[in-house]
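Working notes for the structure below.
Each chain gets a letter, A, B and so on, in the order the sequences are listed, and its residues count up from 1.
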Protein chains: 2
Amino acid sequence: MAITIKDVAKAANVAPSTVSRVISDSRHISEKTKKKVRKVMDELGYHTNLNARGLVQQSTKTLGVVLKYSESDVWKLGNLFVSEVLQGISAHCHQYGYSIMITTGSTEDEIYGDVVRMVQGKQVDGMIVLYAKKNDKVVPFLLDKAIPFSVVGKPLERMNEIMFVDNDNMQAAKDATDFLIQRNHRQIGFIGDNPTFQVIQDRVEGYYKAFEEHGLQRDASYVKFVHTPEEEGAVVEEFLIMEAKPTALVISTPLQGVGVLKALHKRGIRVPDEISLIVFNKTLITEMSIPVLTTIDTEAFQLGYEASKGVIELINNPNTFKRSVIIPTKIEPGESHRKLTEDNNSVIDVTIE
Amino acid sequence: MAITIKDVAKAANVAPSTVSRVISDSRHISEKTKKKVRKVMDELGYHTNLNARGLVQQSTKTLGVVLKYSESDVWKLGNLFVSEVLQGISAHCHQYGYSIMITTGSTEDEIYGDVVRMVQGKQVDGMIVLYAKKNDKVVPFLLDKAIPFSVVGKPLERMNEIMFVDNDNMQAAKDATDFLIQRNHRQIGFIGDNPTFQVIQDRVEGYYKAFEEHGLQRDASYVKFVHTPEEEGAVVEEFLIMEAKPTALVISTPLQGVGVLKALHKRGIRVPDEISLIVFNKTLITEMSIPVLTTIDTEAFQLGYEASKGVIELINNPNTFKRSVIIPTKIEPGESHRKLTEDNNSVIDVTIE
DNA sequence: CTGTTAGCGCTTTCAT
DNA sequence: ATGAAAGCGCTAACAG
């Protein structure tokens, strides 16, 4: 059994409560006693038992993080976006002395079970949910139990009861589409992953909006979803056999971006000469790609950082206004897009920007 | 305050200890009582307070995971390898009802602090260390405190006191180099990241060994280290200005692989026509690369899975033999290598395999 | 400023 | 088969 507060108290000739007060650096304790006690703590190698503290304080200074669930394993943690968000969360948590516990489940039900255990078992003081999707049980549960939490992404319901951090995905997709329209593209495709995630829906909407604002026709046949990396080839194929095939694509993840690039390459279609690409999330892999992908930087690290900030504020003061933070996105021009000439379908007469 | 075991006891007209026994499904309790108590637990919505249990049982069923520290942020969690290992750990932990707590620190000292807090604070029952490097304080600390732990990677000291899971990195690098030598390459470069990690040192050694076994000269000028993605161009440049420039490269991470590919592309050097590439770790990004990279698959998921298995066995039985598990690597031929003709430096007369 | 006391919610002997 | 009671290590009134 390890050294306890009692051992320290005895050795220092004080009461356990005094030791406790020294630990919390209470100002009701004389410097002299503090020094004495601290010396003994050092000598004995005392360390607070955080379970005991957690039990009495009803707080563990730990945040639970729900990692995004995706049908396809390769998009789960392998997802660089998630990793970056997690780094942002870590950075903020570390500053405030919070620990991080992550879900281990790999199906939605397992993850829900993890959350229940963490919350009801009082293992965490708050939660961060890394996704917002339809038919999700986690967010309603957290709401019901009145647990401090924040969502990275846009909740689908009860938005004003929930603190969340997100990009304006609709605006971002609109910006991206605008960016292409301004460069005279008219046939623009959209490729998204799991459409049950709200983020994808918002992006589709923004994509449509850009068309409308330019007085152009929206066309659902230009919007496609890819559920596994293997499907990318098929989707690209579908686009290529269209009568009016797209001259540009808006793509919702870096991995998909690279996948599409690959599928196009295999078919001898050159980027950006024959088709332009703009991809969500600037990550190492979009930077490393050949050509460098033009991206919409969503500031994943910042997203995580702010989410953590939000929950911790909420923990410290449950009456904190449930604000929603919108992290601005920015188009980062790479080498994967080009401008078409005015008579928009010309592929030969290229204007290099 | 939430429902406690006492509330349940009262409502069910039994003693708290009986409720506790029902929770642990003790065989000294009659089925009848069990049913009755369980019903009440359900009705009241009882959930075990895991802090309290942790306090009395001196165990939290939680594993701490030390995420690999790297000077460069982009290689930290962004590292797909780490993500995959973490998935493997998660999968096994979930099976055995263990939770995962991760370190939040971003410098070596911060991480060490995290570990001390987790361990001394009795937040975790065991640890998994995701790296093995020189001058590391974490492993000696864990050893000193006799905490159950396992290392993903090869420890540098006291190997027989430590349970670890690793690839045979020396063998893997030797295999990769052999693979190239057999295809008539003679000028083969090696690019690694942080050489303070043991894994890199082993790989360098394996690389040398392949030369020796083929009766060829080893040459340290063909071994280079890259610390930041920006340096990749410079290193490639160094190789290209050598009198006898390499016809092939062995590269220690996927990200570096893609980086090198990019640097070569920028300089108009074609892969695999002018230079062959073989890269450690088969990940999504090596698969997505154009051309698909020839890789040495290190089975990251499996590495994590086995590491978790090891610690949990150790926790359940501290006398478990401190075995080391070697996960076999396998060369996955992609499109980034080619075979040279017998008179090895010929670049024009290519043999396509 | 410091000591005494009473729990936090659970498990675990020891009785019965 | 079940209950009573002690205690895990800590904090937080309440005294003094």
Selected nucleotide, minimal atom distance to [X] side chain, candidates [options]:
| X | options | value |
| --- | --- | --- |
| A/R21 | D/dC10, D/dG9, D/dC14 | D/dC14 |
| B/T4 | D/dT2, D/dG3, C/dC10 | C/dC10 |
| B/H28 | D/dC10, D/dG3, D/dA1 | D/dA1 |
| A/L55 | D/dC10, D/dT2, C/dG9 | C/dG9 |
| B/A15 | C/dT11, D/dG3, D/dG9 | D/dG3 |
| A/T33 | D/dA1, C/dC8, C/dT2 | C/dT2 |
| A/V56 | C/dC10, C/dT2, D/dG9 | D/dG9 |

Comparing nearest nucleotides in DNA chain D, the 5'-proximal residue of the pair B/A52, B/R27 is B/R27
For [X] and [N], give me the distance from atom [atom1] to atom [atom2], rounded to whole Å.
| X | N | atom1 | atom2 | answer |
| --- | --- | --- | --- | --- |
| A/N51 | C/dG9 | CG | C1' | 12 Å |
| A/K6 | D/dT11 | NZ | P | 14 Å |
| A/I5 | D/dC8 | CD1 | P | 13 Å |
| A/L50 | D/dT11 | CG | C1' | 13 Å |
| A/N13 | C/dT2 | CG | P | 13 Å |
| B/Q57 | D/dG9 | CD | C1' | 15 Å |
| B/Q123 | D/dC8 | CD | C1' | 17 Å |
| B/K34 | D/dT2 | NZ | C1' | 13 Å |

Does [X] reach a base, just sugar-phosphate, or nothing at all? Heavy atoms under 4.0 Å.
| X | result |
| --- | --- |
| B/S30 | sugar-phosphate |
| B/S24 | nothing |
| B/V19 | nothing |

Pairing of A/E313 and A/K322 as salt bridge, 4.0 angstrom limit
no
Which pair of non-hydrogen atoms, one from B/D125 and one from B/I147, has the smallest distance, and what is that distance?
O-CG2, 4.5 Å
Is any side-chain heavy atom of A/V115 closer than 4.5 Å to a side-chain heavy atom of A/F141?
yes
Using side-chain heavy atoms (C-beta onward) and a distance below 4.5 Å, is A/M41 in contact with A/I23?
yes
Under-3.5 Å donor-acceptor pair between A/S17 side chain and C/dT5 base:
no
Taking only side-chain N and O atoms of A/T18, does any of them lie within less than 4.0 angstrom of OP1 or OP2 on C/dG3?
yes
Short side-chain N/O contact from B/Q58 to OP1 or OP2 of C/dT11, under 4.0 Å
no
For A/N135, does the CG atom have more than 12 heavy-atom neighbours from other residues, nucleotides or ligands under 6.0 Å away?
no
Using only atom types and a distance under 3.5 Å, with no angle test, would you say the side chain of A/E110 pairs donor to acceptor with the backbone of A/S106?
yes
